[in-house]
Amino acid sequence: MKQISLRGRAYPSDLNHSGTVFGGWIMAKMDKAASIAVEDIVNSGAVTISVTDLHFLKPIRNGDIVTIYTEIIKVGNTSIQINVNVMVRCKQSHEEYSVTNAIFTFVTLNEDRKPINVRDVIRDDINDYVKELL
Ligand SMILES: CC(C)(COP(=O)(O)OP(=O)(O)OC[C@H]1O[C@@H](n2cnc3c(N)ncnc32)[C@H](O)[C@@H]1OP(=O)(O)O)[C@@H](O)C(=O)NCCC(=O)NCCS
């Protein structure tokens, strides 16, 4: 189930010399959005272990409003995969179009920062969609 994990606007300090947003700016925001999606379903710490299938589809420009959607797509033993999709709202029509997407994998950690089984730290209030992935 897709949800909004982060929203914001691109400002001049976020732009490269060509006038579009730095890739690293949006990657950092995607990582934060994915971490929020993970925190929504577990009550332990978690860290990013990999990012795959990262695609910059369209540029983000000064003033663009950016919405980052996340969707938990797989729960392993100690890992959680999240599909992260960044959308920009068209200023005229207000329709959203996709600008960047990637798959993030997080590992849930115990207090000693060792991987811990996701099912041992899953929150009680997860929705039915996530329950089906367990
Ligand atoms: C996260 C960390 C504690 C995992 O330790 P580890 O001993 O490598 O863990 P494991 O080999 O048991 O793997 C843990 C899980 O990650 C998965 N995994 C390992 N490498 C992976 C990779 N390259 N891509 C995707 N998943 C991966 C494993 O399949 C396993 O998942 P599962 O339990 O659901 O099957 C350790 O790698 C670490 O601290 N990495 C740095 C994390 C970090 O600082 N991130 C911030 C970015 S700067």
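As the structure lists them, so they are numbered: ligands from 1, and atoms in each ligand from 1. Since this is a predicted model, take the numbers as computed values, not measurements.
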Enquirer: Tell me, which protein residue and heavy-atom name are nearest atom 16 (O) of ligand 1, and how many Å apart are they?
Expert: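 Among all protein heavy atoms, the one nearest atom 16 (O) of ligand 1 is Val107 CG2, 3.4 Å.
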Enquirer: Should we count NZ of Lys91 as having more than 12 external heavy atoms under 6.0 Å?
Expert: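 More than 12 heavy atoms, drawn from other residues, nucleotides or ligands, come within 6.0 Å of this atom.
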Enquirer: Which is it for Asn16 and Val21 under the side-chain contact (heavy atoms from CB on, under 4.5 Å) test, yes or no, and what are the steps along the way?
Expert: CA-CA 6 Å; Asn16 60 34; Val21 153; over 6 Å; no
Enquirer: Against heavy atoms of Pro115, which atoms of ligand 1 measure under 4.0 Å?
Expert: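 Atoms satisfying the 4.0 Å criterion: 4 (C), 5 (O), 9 (O).
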Enquirer: Within the 3.5 Å criterion, strictly below it, is a donor on Tyr129 or Gln3 matched to an acceptor on the partner's side chain?
Expert: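 Looking only at side-chain atoms, Gln3 and Tyr129 do not form any donor-acceptor pair under 3.5 Å.
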Enquirer: Students should be able to answer this: which protein heavy-atom is nearest to atom 3 (C) of ligand 1, and at what distance?
Expert: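 The answer is Leu109 CD2, 3.8 Å.
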Enquirer: Got a donor-acceptor contact below 3.5 angstrom from the Ser93 side chain to the Glu95 backbone?
Expert: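 Answer holds: yes.
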Enquirer: Can you confirm whether some protein heavy atom lies under 4.0 Å from atom 13 (O) of ligand 1, or whether none does?
Expert: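 For atom 13 (O) of ligand 1 the answer is no, since every protein heavy atom stays at 4.0 Å or beyond.
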Enquirer: Under 4.0 Å from atom 33 (O) of ligand 1, is there any protein heavy atom?
Expert: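 Given the 4.0 Å cut-off, atom 33 (O) of ligand 1 counts as touching protein heavy atoms.
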Enquirer: Distance below 4.0 Å between atom 24 (N) of ligand 1 and any protein heavy atom?
Expert: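 Yes, at least one protein heavy atom sits under 4.0 Å from atom 24 (N) of ligand 1.
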Enquirer: Could you tell me whether Asp112 and Lys114 have a side-chain N and a carboxylate O separated by less than 4.0 Å?
Expert: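 A salt bridge is absent here (no side-chain N lies under 4.0 Å from a carboxylate O).
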Enquirer: Hey, which atoms in ligand 1 end up nearer than 4.0 Å to a heavy atom of Gly76?
Expert: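 Near Gly76, the atoms of ligand 1 are 34 (O).
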Enquirer: For Asn85, which of Asn101, Thr100, Ile68 qualifies under side-chain contact (heavy atoms from CB on, under 4.5 Å)?
Expert: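 Among Asn101, Thr100, Ile68, the one meeting side-chain contact (heavy atoms from CB on, under 4.5 Å) with Asn85 is Asn101.
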Enquirer: List the closest protein heavy-atom neighbour of atom 38 (C) of ligand 1: residue, atom name, distance to the nearest 0.1 Å.
Expert: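 The closest heavy atom on the protein side is Val47 CG2, 4.9 Å.
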Enquirer: Would you kindly specify which portion of Asn77 sits under 4.0 Å from ligand 1, judged on non-hydrogen atoms: side chain, backbone, both or neither?
Expert: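 Under 4.0 Å from ligand 1, Asn77 contributes backbone and side-chain atoms.
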Enquirer: Could you tell me whether atom 30 (C) of ligand 1 has at least one protein heavy atom nearer than 4.0 Å?
Expert: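 Yes, there is a protein heavy atom closer to it than 4.0 Å.
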Enquirer: Taking both backbone and side-chain atoms of Thr105, is any N or O found less than 3.5 Å from an N or O belonging to ligand 1?
Expert: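 Between Thr105 and ligand 1, no N or O pair is found under 3.5 Å apart.
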Enquirer: Numbering the atoms of ligand 1 from 1, which are under 4.0 Å from a heavy atom of Ser50?
Expert: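 So the answer, numbered in order with elements, is 22 (C), 24 (N), 25 (C).
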Enquirer: Given the protein's heavy atoms, is any one of them under 4.0 Å from atom 7 (O) of ligand 1?
Expert: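 Flag for atom 7 (O) of ligand 1 set to false, no protein heavy atom closer than 4.0 Å.
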Enquirer: Without hydrogens or angle criteria, can the side chains of Thr20 and Arg61 be said to hold a donor-acceptor pair below 3.5 Å?
Expert: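 The criterion, which ignores hydrogens and geometry beyond distance, is not satisfied for Arg61 and Thr20.
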Enquirer: Check each of Thr48, Thr78, Ile49 against atom 47 (C) of ligand 1 and report the one with the nearest heavy atom.
Expert: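 Heavy atom nearest to atom 47 (C) of ligand 1 belongs to Thr48.
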Enquirer: Strictly by modelled atom types, are Thr48 and Asp31 linked by a side-chain donor-acceptor pair under 3.5 Å?
Expert: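 Indeed, the side chains of Thr48 and Asp31 share at least one donor-acceptor pair under 3.5 Å.
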Enquirer: Would a distance-only check, ignoring hydrogens and angles, find a side-chain to backbone donor-acceptor pair under 3.5 Å from Arg9 to Asp64?
Expert: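 Checked: no pair found.
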Enquirer: For Gln81, which of Leu133, Val75, Ile103 qualifies under side-chain contact (heavy atoms from CB on, under 4.5 Å)?
Expert: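 The side-chain contact (heavy atoms from CB on, under 4.5 Å) with Gln81 is passed solely by Ile103 among Leu133, Val75, Ile103.
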Enquirer: Short check: is a protein heavy atom less than 4.0 Å from atom 42 (C) of ligand 1?
Expert: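 So atom 42 (C) of ligand 1 has protein heavy-atom neighbours under 4.0 Å.
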